[in-house]
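Within every chain, numbering begins at 1; the chains are lettered A, B, ... in the order of the sequence lines, protein sequences first and strands thereafter.
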There are 2 protein chains.
Amino acid sequence: MTLSEENYLKAIYHLEPLSKKGVTTNALAEEMQTKASSVTDMVKKLSEKGYAHHKKYQGVTLTNKGKGIAIDIIRKHRLWEVFLVNKLNFSWDEVHEVAEQLEHIKSKKLISQLDAFLEFPTHDPHGDPIPDKTGKINTVDKILLSEAKTGDHCICVGVQDSSSNFLKYLDKNKIALGSAFEVSHKEPFDNSVTIRIENRDLIISNIITSNLFVKIS
Amino acid sequence: MTLSEENYLKAIYHLEPLSKKGVTTNALAEEMQTKASSVTDMVKKLSEKGYAHHKKYQGVTLTNKGKGIAIDIIRKHRLWEVFLVNKLNFSWDEVHEVAEQLEHIKSKKLISQLDAFLEFPTHDPHGDPIPDKTGKINTVDKILLSEAKTGDHCICVGVQDSSSNFLKYLDKNKIALGSAFEVSHKEPFDNSVTIRIENRDLIISNIITSNLFVKIS
DNA sequence: CATAAAATTTAGACAAATCTAAAAATTTGT
DNA sequence: ACAAATTTTTAGATTTGTCTAAATTTTATG
Ligand SMILES: [Mn+2]
Ligand SMILES: [Mn+2]
Ligand SMILES: [Mn+2]
Ligand SMILES: [Mn+2]
């Protein structure tokens, strides 16, 4: 497994659920910040090596073998993000880039010991579930805030977009994982939402509500 | 800086002190487990980029710029080794290979935070000094056990060879960094040495004594 | 359904890092 | 000192991952 192959597997894994069929060449090229022709070459290679299914012009999907590797990389990525936040005092908007590098370190023992050192965390700093060592992922029962109804009592449990800009916006408005609030008003005109959080009212746009995962409590 | 360039700079840095002149192509090839022709190519590149001095057939030395990068890689390598031993319960013979990967992770903040998290260690698990963030290295006053005289009271402060086999031999014989012992006899015939350590006598060969660093106390 | 547009693949090239084999320079040994 | 041995460099090829430009296939549209 080369670094590039690992990154492609991860990208395919993330894109697969967004499209009933296989992942398209252009979608992968966009995700990987590369050209469609490069994607075709790599997809062909992954397919020859048994990590992906691919028929010309028909998009790509992962084999079980490919999926297993992708999940393993994601597990490492998220464990490292927990390490950076919980042990090295990184904030949640600073960890992704470093985790992108750390996820490729190869050592079974390193990851199992890190997992133990972090006391077997189940979620990363963005609320995403950490696959266990067998690849099982505990999916949480969460919805987008934009789906919540007026009067719902919510707990923030994750973010859809984990860009630094969005996370900093949340910080500025004192919204973090675990924050509790009530949907006090939904404005039909622009789909903005007023939430009551820690005794203050906060109006947030539909851009925000459609990137925040919550659990109704 | 590519991964390969970093590894060459580190190798040159380690070999430079062993040879008054520049580091030879063959020595570098041996250290890097590669062919002399590959070394020539890389040395030419490092030289063009200003990391090394190189005149055809005359060996290679580092520029200050190259030395700075090499020291930075070594700093990261040794900090990660401390992390693996002190926090993740690796033993000192298991850390090198993983640190070889971790040393190439690029993040200023990661290293400064890791340094703080480890409480600013000065030496790695093998007794080697950890350069500070400015590149300064605190050289210790240590000698090889083979240089010690009969009657000398020693404290083990480092290893010359940090191969897994050697470190496991030391473990087996309960010799660790910080162990104190006295040189009770030096056998002229084979240069083996008898040491008195924790109330037992231990005979060790000249292979061992010439790979153990001690401080005379 | 027949083109036009868009997506995808192929062909050919390139940079990085390596290799083998051959040539050139240096060092060694008598 | 000079031929032989050794070391180092060069020349040319290979692999990986990328690119541009052209060809092909699929999808959209009148
Ligand atoms: Mn991330
Ligand atoms: Mn994350
Ligand atoms: Mn090491
Ligand atoms: Mn070490």
How many Å lie between [atom1] on [X] and [atom2] on [N], as a whole number?
{"X": "B/M32", "N": "C/dC19", "atom1": "CE", "atom2": "C1'", "value": "15 Å"}
{"X": "A/D41", "N": "D/dT15", "atom1": "CG", "atom2": "P", "value": "15 Å"}
{"X": "A/K55", "N": "C/dT9", "atom1": "NZ", "atom2": "P", "value": "13 Å"}
{"X": "A/L28", "N": "C/dA7", "atom1": "CG", "atom2": "C1'", "value": "14 Å"}
{"X": "B/K44", "N": "D/dT8", "atom1": "NZ", "atom2": "C1'", "value": "10 Å"}
{"X": "A/M42", "N": "C/dT9", "atom1": "CE", "atom2": "C1'", "value": "16 Å"}
{"X": "B/L46", "N": "C/dA16", "atom1": "CG", "atom2": "C1'", "value": "13 Å"}

Examine [N]: is either OP1 or OP2 under 4.0 Å from a nitrogen or oxygen in the side chain of [X]? Give yes or no.
{"X": "A/H54", "N": "C/dT9", "answer": "yes"}
{"X": "A/Y8", "N": "D/dT16", "answer": "no"}
{"X": "B/T40", "N": "D/dT10", "answer": "no"}
{"X": "B/N26", "N": "D/dT8", "answer": "yes"}

Exercise for the section: Would you indicate what A/S4 reaches in the nucleic acid, counting non-hydrogen atoms under 4.0 angstrom: base, sugar-phosphate, or nothing? Expected result: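 Counting heavy atoms under 4.0 Å across all strands, the contact made by A/S4 is with sugar-phosphate only.
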Handout entry: Any donor-acceptor N/O pair, A/E5 side chain to A/L46 backbone, under 3.5 Å
Key =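 It does not hold such a pair.
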Handout entry: Selection from C/dT9, D/dT9, C/dC19 that lies nearest to any side-chain heavy atom of B/T34
Key =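 The answer is C/dC19, which lies nearest to the side chain.
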Exercise for the section: Classify every nucleotide of nucleotides 20-26 of chain D by which part a protein heavy atom approaches to under 4.0 Å, writing B for the base, S for the sugar-phosphate alone and - for neither, in 5'-to-3' order. Expected result: B---BSS
Problem - A/E30, CD: over 12 other non-hydrogen atoms inside 6.0 angstrom - result: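 No, not enclosed.
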Handout entry: A/E16 and A/K21 ion-paired at < 4.0 Å
Key =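 Salt bridge absent between A/E16 and A/K21.
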Exercise for the section: Verify whether the ring centers belonging to A/H96 and A/H126 lie closer than 6.0 Å. Expected result: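 Between A/H126 and A/H96, which both carry aromatic rings, the centre distance is not below 6.0 Å.
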Exercise for the section: Using salt bridge (Lys or Arg N to Asp or Glu O under 4.0 Å) as the criterion, point out the one residue from B/K76, B/R75, B/R78, B/K10 that pairs with B/E103. Expected result: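 Among B/K76, B/R75, B/R78, B/K10, the one meeting salt bridge (Lys or Arg N to Asp or Glu O under 4.0 Å) with B/E103 is B/K10.
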Exercise for the section: Please confirm whether B/K142 makes a cation-pi placement over B/F213, using NZ or CZ under 6.0 Å from the six-membered ring centre and within 45° of the ring normal. Expected result: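 Yes, a cation-pi geometry holds between B/K142 and B/F213.
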Exercise for the section: Answer yes or no for A/K87 and B/F83: cation-pi contact, defined as NZ/CZ to six-membered ring centre under 6.0 Å and angle to ring axis within 45°. Expected result: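 Verdict for B/F83: no cation-pi partner in A/K87.
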